[in-house]
Visitor: 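Below are the structure tokens for one structure; questions will follow.
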Amino acid sequence: MTQHQMAVLRVNGKAEKGLENTVNVRDLPAFSVDEPERLGGTNTGPNPLEYFLGALSACTSIMTSYVAKEQNFNYEGLEYDASGTLDPRGFRGIEGVQTYFQSVELNIVVETGEDEDALERLKEAVEKRCPLYNLLKDAGVEVNSHWTIKQNSQL
């Protein structure tokens, strides 16, 4: 059996005042994770679930770039919008209520001259390979993704 090298990703950080946290990744500038004031935070940064939605969207975008090259799918731009629905009772410790998203809506708009069939092939491959999309699916989260074409007159 062939042994494959595993990748290890690492972050470090610390709790600051209140609910604020400072997180460090590689040699990049540190970023803040917090909660809005209405939830007891100081609103110095997105909360963890907002970061997750941003990471899901960016992960989808990055996977789209990789897959598009493999499929010779040409596009000029990509925009995304994501939202997640959850029951806040889970945070309050109510038994039987999950603490993570119940559903996620992901809207991807691709600026391309490709047709709908090519877009569907791209979407299927990206969703099959996107780690965060699959993390949600494996957790039983309902993920509704909608991919549409924005025509570019210059393509």
Visitor: Establish whether L122 and V109 are linked, either directly or via other cluster members, by ILVMFWY side-chain heavy-atom contacts under 4.5 Å.
Guide: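 Each belongs to a different hydrophobic cluster.
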Visitor: Please name the pair of heavy atoms, one in Q71 and one in A125, separated by the smallest distance, quoted to 0.1 Å.
Guide: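 Shortest heavy-atom separation between Q71 and A125 comes out as NE2-CB, 3.6 Å.
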Visitor: Looking only at non-hydrogen atoms, find the nearest pair between V143 and K137 and report the distance.
Guide: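 Nearest heavy atoms, V143 then K137: CG2-CD, 3.7 Å.
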Visitor: Grab the two heavy atoms, one from T22 and one from A30, that are nearest each other, plus how far apart they are.
Guide: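 It is CG2-CB, 3.6 Å.
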Visitor: Give, for atom NZ of K150 and atom CD1 of I108, the distance between the pair rounded to the nearest 0.5 Å.
Guide: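 Reported to 0.5 Å precision, the distance equals 14.0 Å.
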Visitor: Does N72 reach the main-chain N or O of E70 with its side chain, forming a donor-acceptor pair under 3.5 Å?
Guide: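 Pair absent, no side-chain N/O of N72 close to backbone of E70.
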Visitor: Do the side chains of R121 and E114 get close enough for a salt bridge, i.e. N-O under 4.0 angstrom?
Guide: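 No, this pair does not count.
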Visitor: For residues 48-62, dump all side-chain donor-acceptor pairs below 3.5 Å to protein atoms at least two apart in sequence or in another chain.
Guide:
from	atom 1	to	atom 2	distance (Å)
E50	OE1	N47	N	2.7
Y51	OH	S32	O	2.9
S57	OG	L53	O	2.9
T60	OG1	L56	O	2.9

Visitor: Kindly give the heavy-atom pair with the smallest separation between V110 and F73, and that separation in Å.
Guide: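 So the two residues come closest at CG1-CE2, 3.9 Å.
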Visitor: In the single-linkage hydrophobic clustering (I, L, V, M, F, W, Y; side-chain heavy atoms under 4.5 Å), do V67 and I149 co-cluster?
Guide: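 Yes, V67 connects to I149 through the hydrophobic network.
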Visitor: Find the distance between CZ (R92) and OG1 (T99) and round it off to the nearest 0.5 Å.
Guide: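 That separation rounds to 13.0 Å.
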Visitor: Does CD in E79 sit with more than 12 non-hydrogen atoms of other residues, nucleotides or ligands closer than 6.0 Å?
Guide: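 No - once you tally the heavy atoms of other residues, nucleotides and ligands closer than 6.0 Å, there are 12 at most.
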Visitor: Just do the side-chain contact (heavy atoms from CB on, under 4.5 Å) check on V126 and W147 with the steps written out, would you?
Guide: CA-CA 11 Å; V126 167; W147 291 57; 4.0 Å; yes
Visitor: Is there a donor-acceptor contact under 3.5 Å from the side chain of T112 to the main chain of N74?
Guide: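 Answer holds: yes.
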Visitor: Kindly compute the distance separating CD (E120) from CG (D115), expressed to the nearest 0.5 Å.
Guide: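 These two atoms lie 11.0 Å from each other.
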Visitor: Kindly give the heavy-atom pair with the smallest separation between M63 and C130, and that separation in Å.
Guide: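 Reported closest heavy-atom pair: CG-CA, 3.9 Å.
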Visitor: Do the side chain of N134 and the main chain of E127 share a donor and acceptor less than 3.5 angstrom apart?
Guide: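 Such a contact is found between N134 side chain and E127 backbone.
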Visitor: Out of curiosity, Q151 CD to E111 CD, how far, rounded to the nearest 0.5 Å?
Guide: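 Going from CD on Q151 over to CD on E111, the span is 9.5 Å.
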Visitor: In terms of side-chain heavy atoms, does N144 have a donor or acceptor partner in E142 at a distance below 3.5 Å?
Guide: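 Result is yes, a qualifying pair exists.
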Visitor: Do L19 and L39 sit in one hydrophobic cluster, given that two such residues count as connected whenever their side-chain heavy atoms are within less than 4.5 Å of each other, even indirectly?
Guide: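 Different hydrophobic clusters.
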Visitor: Could you measure the distance from the CD atom of E105 to the OG1 atom of T85? Nearest 0.5 Å is fine.
Guide: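 E105 CD to T85 OG1: 7.0 Å, rounded to 0.5 Å.
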Visitor: Where the side chain of D34 meets the backbone of T42, is there a donor-acceptor pair that is under 3.5 Å apart?
Guide: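 Yes, D34 side chain to T42 backbone: donor-acceptor pair under 3.5 Å.
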Visitor: If hydrophobic clusters are built from ILVMFWY residues whose side chains come within less than 4.5 Å, do L86 and V33 share one?
Guide: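 Each belongs to a different hydrophobic cluster.
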Visitor: May I ask you to decide if F101's main-chain N or O and Q98's side chain share a donor-acceptor pair within less than 3.5 Å?
Guide: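 Confirmed, Q98 side chain pairs with F101 backbone.
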Visitor: Are Y66 and Y75 linked, directly or through intermediate hydrophobic residues, by side-chain heavy-atom contacts shorter than 4.5 Å (ILVMFWY only)?
Guide: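 Yes, same cluster.
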